[in-house]
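Worksheet: one structure, shown below.
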Protein chains: 4
Amino acid sequence: MATQPTPDASRRSEKSRRAIYDAALALVGEVGYPRTTIEGIAARAGVGKQTIYRWWSSKADVLLEAFLDLSEQASRDAGPEYEFAIPDTGDLATDLKAVLRLTVDQLKDPRFEIPSRALAAEGVVNEQLGRVFMTKLLEPSLLLYVDRVRAAQAAGQVRQEVDPRIALELWVSPLAQRWLQYTGPISYEYTDTLVDYALHGIAPR
Amino acid sequence: MATQPTPDASRRSEKSRRAIYDAALALVGEVGYPRTTIEGIAARAGVGKQTIYRWWSSKADVLLEAFLDLSEQASRDAGPEYEFAIPDTGDLATDLKAVLRLTVDQLKDPRFEIPSRALAAEGVVNEQLGRVFMTKLLEPSLLLYVDRVRAAQAAGQVRQEVDPRIALELWVSPLAQRWLQYTGPISYEYTDTLVDYALHGIAPR
Amino acid sequence: MATQPTPDASRRSEKSRRAIYDAALALVGEVGYPRTTIEGIAARAGVGKQTIYRWWSSKADVLLEAFLDLSEQASRDAGPEYEFAIPDTGDLATDLKAVLRLTVDQLKDPRFEIPSRALAAEGVVNEQLGRVFMTKLLEPSLLLYVDRVRAAQAAGQVRQEVDPRIALELWVSPLAQRWLQYTGPISYEYTDTLVDYALHGIAPR
Amino acid sequence: MATQPTPDASRRSEKSRRAIYDAALALVGEVGYPRTTIEGIAARAGVGKQTIYRWWSSKADVLLEAFLDLSEQASRDAGPEYEFAIPDTGDLATDLKAVLRLTVDQLKDPRFEIPSRALAAEGVVNEQLGRVFMTKLLEPSLLLYVDRVRAAQAAGQVRQEVDPRIALELWVSPLAQRWLQYTGPISYEYTDTLVDYALHGIAPR
DNA sequence: TCATAAGCGAGACGGTACGTCTTGTCTTGGG
DNA sequence: CCCAAGACAAGACGTACCGTCTCGCTTATGA
């Protein structure tokens, strides 16, 4: 993410950065990722192209940071500890279903959908970006599930030998794939079902 | 005088089509999807650009057909009914683990990996292509799982009320996501674990 | 003047060439040579930039050909043998003065002045262009003087041992320098004087 | 807060000025005028760009002063009254031929040739610069010729009614044009011939 | 049998965007 | 308050591809 001869970050224009984030997100939302261009972002942000090339290495990179910034902002707006924690009512199924319903809502919020879909797509084909996308955006959310599953193990609601990192994929991945690859519709009923199958399996009990 | 709308398919050059498929797959493998261009495919195939534009609507479209063709070829080579059927030994867990191990191998075969990753990525961002990709490439494989799960239901190995279309996502989606989004390593042990969790859940039995 | 991989001249668009010539001359006239850009020419001509880069190697090259074309056109318009011939009334002084007066008029015609000044300037600093400019534009006119001086030698009006190629510089170069380098005003009186000095010298007769 | 309009010349860094002159002349010599950039001069001189923009208005302006400085230096080095005076042996032809031979040598000295050619070219197209170039560099030399011709008139070697300012163009301009526009080779023999033609004309005596 | 109309290779065309370079202005921190 | 350093908005550079458009050249009927 470093550029050619190491520009001096302390002199960086905060105003330009903000304008670039805003322009990038707006354009992706309006015309889609492929038709969003660096020239377009620069023009919309009222910024020279070089200012973009100085601080980012690619369109994907700009958008990734813009989206990261958007997420952080949303977190801050939502209040300190409140959001992005998984509730622990004592009943794992109930808690997972609740969180997944929120996730369904968020996946359908166009404010997030278009840029995150664009980034996910780019990450599929561009491994470097994919890994950053995973690390910075996905991983933190997944860790919350790991914690919740561990708590459930302590409470005797999940078997001790279960690997939480794999367990969470039983509900996260199906939802992710339906969303990303249009392999099926997304609904509260669907996520509820996923949680049930994940907890109890499909075999006769 | 209408040129584009109705090219006469009966006069189509089979040689050019083959050359285009080969060039497209070769280029995607060598330089990656984004740096594969229609001009490049045409030049490599020794074909005029118009010959590509006459028969396909986009780079993604060319690559999709090329990949479809490659898959069919592979099927034919592998023998008539042999491949792509899920075995039915009577034990669902055993059968699924076996098939998933084959899938793991195939995902790591570069012959398939690069083009299918490229198509999957494009499909994420381009809904129309995504749906074709889903319908033509994914769906047929998924249906095999549906059939196998139905058989298992008939044999009393899976609960009657389970929706096979959702059940299969318990093992297919986690694997797909790890592969597509680099969210974790892929191994036989991992897929075996997925099958176990899917069948019996993570809750105490 | 050849471009990268030898474009096929027979397929060249005459319309585009004309449009480029017109746009180039117009722009040089309106904003001057340094602020005339290839992008500007392309935009004004309604032409892709590549069409310019395909056929010309530089802005100077475009303008040179445009100006050459303009000159040829002017010649054709003026009638076959009529223009650009030096009259031969039998009196060298009279003939030279008449031609130089026409030259003075032409140097002051803005239609010619701006582009030819621009080309001359570029030719000063760019030897390759300078030589083409000399060969294609200046030389033909100078040869007319050579012929006229030779005729005068035959008529006994100029000494036999005089080199016509040098002689003509006695009136052409002073005029050229005043025009190019603003070293002095240009008038009929001035050119008349030049002819007198050139014929009879400045020493007492 | 007015920065540009009135820089305080008394605080000007002499070291920077010298470094800029040296860098400018060196770059023009090495890569030619068009590829000499203000950024390049600043970098080479170890100077901020603003230091150039503060004191000069353009690349041409920098180079003009640098060249002027170089000429003055050369004058000083050559001794007080010695150089740049036209000898007066009593014979105008002899004196002019001698001076022109020195001029020929100087025109071929690369130390002077590249920058002065660059300045001359810029002056052709940029009238303001052209006039400064004329006034500061050309005029002083031409005045020497005016003086010498006047002396010759007093001595009866040149006709009284001859305008010295025009007379000198008979030998200066042809030489200048051959040099600037590559219209012919430059040699001692050539300049000698020019002097002869200028003094006695080309008509039979 | 032979014109005739299609597909084809080639590649010029009008465009758009790329990533780089330079301009002239502005800002920061050091002396 | 000059200076070195360099970020900034602006915009031209020359290149790469896009998708459309002609050009001649097979080639394969169908009149």
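All chains are named by letter (A, B, ...) in the order of the sequence lines, taking the proteins before the strands, and each is independently numbered beginning at 1. Keep in mind the model is a prediction, meaning the values are calculated, not measured.
Ion pair Arg18(D)/Asp69(D) flagged as a salt bridge, since at least one NZ, NE, NH1 or NH2 atom sits closer than 4.0 Å to an Asp/Glu carboxylate oxygen.
Whole-Å rounding puts the Leu27(B) CG to dC17(F) C1' distance at 14 Å. As a whole-Å value, the separation of Lys59(D) NZ from dC21(E) P is 16 Å. Following rounding to the nearest Å, Tyr53(D) (OH) and dC8(F) (C1') show an atom-to-atom distance of 13 Å. Atom CZ of Arg11(C) is separated from atom P of dG24(F) by 6 Å (rounded to the nearest Å). Residue Ile52(C) contributes atom CD1, which lies 12 Å from atom P of dG15(E) at whole-angstrom precision. We find that CG of Asp61(B) is positioned 12 Å from P of dG19(F), with the value rounded to whole Å. Rounded to an integer number of Å, the gap from CH2 of Trp56(B) to P of dG7(E) is 13 Å. To the nearest angstrom, P of dG24(E) lies 11 Å from CD1 of Ile41(D).
Using a 4.0 Å cut-off, no side-chain N or O of Ser10(A) falls inside it from OP1 or OP2 of dT28(E). A close approach under 4.0 Å does occur between a side-chain nitrogen or oxygen of Arg54(C) and OP1 or OP2 of dC13(E). At dA12(E), none of the side-chain N or O atoms of Thr51(C) fall inside 4.0 Å of OP1 or OP2 (strictly under the cut-off).
Mapping Gly40(B) and Val47(D) onto DNA chain F by nearest heavy atom places Val47(D) at the nucleotide closer to the 5' end. Along DNA chain E, the nucleotide nearest Thr36(D) and the nucleotide nearest Ala9(C) are compared for position; the residue whose nucleotide lies closer to the 5' end is Ala9(C). Residue whose closest nucleotide on DNA chain E sits further toward the 5' end, between Ala45(B) and Glu39(B): Ala45(B).
Set against dT22(E), dA16(F), dA12(F), the side chain of Thr37(D) has dT22(E) as its closest nucleotide. Among the nucleotides dC13(F), dG7(E), dA7(F), the one closest to the side chain of Trp55(B) is dG7(E). Nearest to the side-chain atoms of Ile38(A) among the listed nucleotides dA5(F), dG19(E), dC13(F) stands dG19(E).
DNA chain F is contacted by Arg12(A), Ser13(A), Ser16(A) of residues 12-22 of chain A, taking any non-hydrogen atom closer than 4.0 Å.
Here Ser58(C) pairs with Ala60(C), Asp61(C) under the side chain to side chain contact (heavy atoms under 4.5 Å, CB included) rule; sequence neighbours left out. Partners of Ile38(A) under the side chain to side chain contact (heavy atoms under 4.5 Å, CB included) rule, at least two apart in sequence or in another chain, are Ile52(A), Tyr53(A), Lys59(A).
At least one cation-pi condition fails for Arg17(B) and Trp55(B): the charged atom is not both under 6.0 angstrom from the six-membered ring centre and inside a 45 degree cone around its axis.
A pairwise comparison of heavy atoms in Phe67(C) and Ser116(C) identifies CZ-CB, 3.6 Å as the closest pair. Closest non-hydrogen pair, Thr36(A) versus Gly32(A), comes out as OG1-O, 2.7 Å.
Within 3.5 Å, no donor on the side chain of Lys49(D) pairs with an acceptor on the base of dG6(F), nor the reverse.
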